[in-house]
Structures are given as C-alpha cells and as structure tokens.
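Please read the structure below before turning to the comments.
Just the heavy atoms: all of them, side chains too, but no hydrogens, waters or symmetry mates, feed the values below. Remember, it's 1-based here, ligands and their atoms both numbered in the order they're listed.
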Amino acid sequence: MKNCIFCKIINKEIPANIVYEDAQAIAFKDVNPVTPVHVLIIPKKHVPSVNYLGFKDKELIGDLFLIAQKIAKEQKVAESGYRLSFNVGKDAGQTIHHLHLHLMGGEKLPFA
Ligand SMILES: [Zn+2]
C-alpha cells in the first residue's frame with residue numbers, strides 16, 4: 001500500500017535490519033527497540049490490524065508465530081523468555097497500520 005512504511009520495507013524502498021524473509025512474511029529489528037531484542041514480524045500482504053483478519057488468513061497468522069519461534073531461538077531468548085504481542089488501535093499504541101507481531105526479550109519484562 002502506498003505511504004505505508006512497512007510496505008516500503010517489504011519493497012526494499014527503505015532499509016531495515018532484516019532478520020528473516022520468505023514469500024509471505026518478513027521480520028526486521030524495530031528501529032526504536034524497547035528491549036534488547038525487539039523484532040517485528042509482518043505479513044507481506046498489507047493488513048491494517050488484527051481487526052481486518054479473516055478466516056482466509058489463518059495460515060498466515062500461524063506462520064507469523066512459527067517465524068517468531070525461530071527468531072527467538074536465533075536471538076537467544078527462547079529459553080530466557082520473550083513476549084509476543086499485537087497492538088490493535090490507538091489505545092494499544094498501534095502507530096503503524098500494517099499488522100505486526102512484536103517479539104520482545106533479552107531482559108526481564110514488566111508483567112502486563
Ligand atoms: Zn503496509
């Protein structure tokens with residue numbers, strides 16, 4: 001989608017520290033990390049948020065979690081622990097309206 005920063009990363013129009021890529025998804029380090037390990041896993045298809053997912057996206061969503069699992073191992077947080085979260089809408093602090101799964105770890109996270 002035009003003017004979507006994540007679509008631009010997918011199209012390699014803007015650089016990102018990409019840690020994983022396949023035909024359906026891409027993962028890269030958050031430019032403003034809030035934890036030592038902070039990776040965003042996103043579908044290549046532009047979906048604004050969880051609110052816009054349908055049953056046809058079941059496999060795609062499952063893939064995002066399996067990619068997260070793989071990255072957690074690579075980033076050495078699989079055993080120490082990590083958080084996976086989708087922020088949806090303004091009250092949750094979603095600032096980029098292209099679905100993204102946050103993978104955060106590398107330190108003790110606040111319980112929330
Ligand atoms: Zn997008």
Among Leu101, Ile10, Ile67, Leu99, exactly one meets side chain to side chain contact (heavy atoms under 4.5 Å, CB included) together with Ile42. Which residue is that? Ile10
Does any N or O in the side chain of Gln94 come within less than 3.5 Å of the main-chain N or O of Pro48, such that one atom is a donor and the other an acceptor? yes
Please confirm whether the ring centroid of His100 lies under 6.0 Å from the ring centroid of His102.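 Here the rings of His102 and His100 have centres that are less than 6.0 Å from each other.
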Shortest non-hydrogen contact from Lys44 toward Asp22: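 So the two residues come closest at NZ-O, 2.8 Å.
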Heavy atoms from other residues, nucleotides or ligands near CD of Glu79 exceed 12 (cutoff 6.0 Å):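 No - once you tally the heavy atoms of other residues, nucleotides and ligands closer than 6.0 Å, there are 12 at most.
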Enclosure of Ile5 CD1 (heavy-atom neighbours >12, cutoff 6.0 Å): no
Could you please tell me which protein N, O or S atoms lie under 2.8 Å from the Zn ion (ligand 1)?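 Within the sphere that stays under 2.8 Å of the Zn ion (ligand 1), the protein atoms of type N, O or S are Cys4 SG, Cys7 SG, His46 ND1, His98 ND1.
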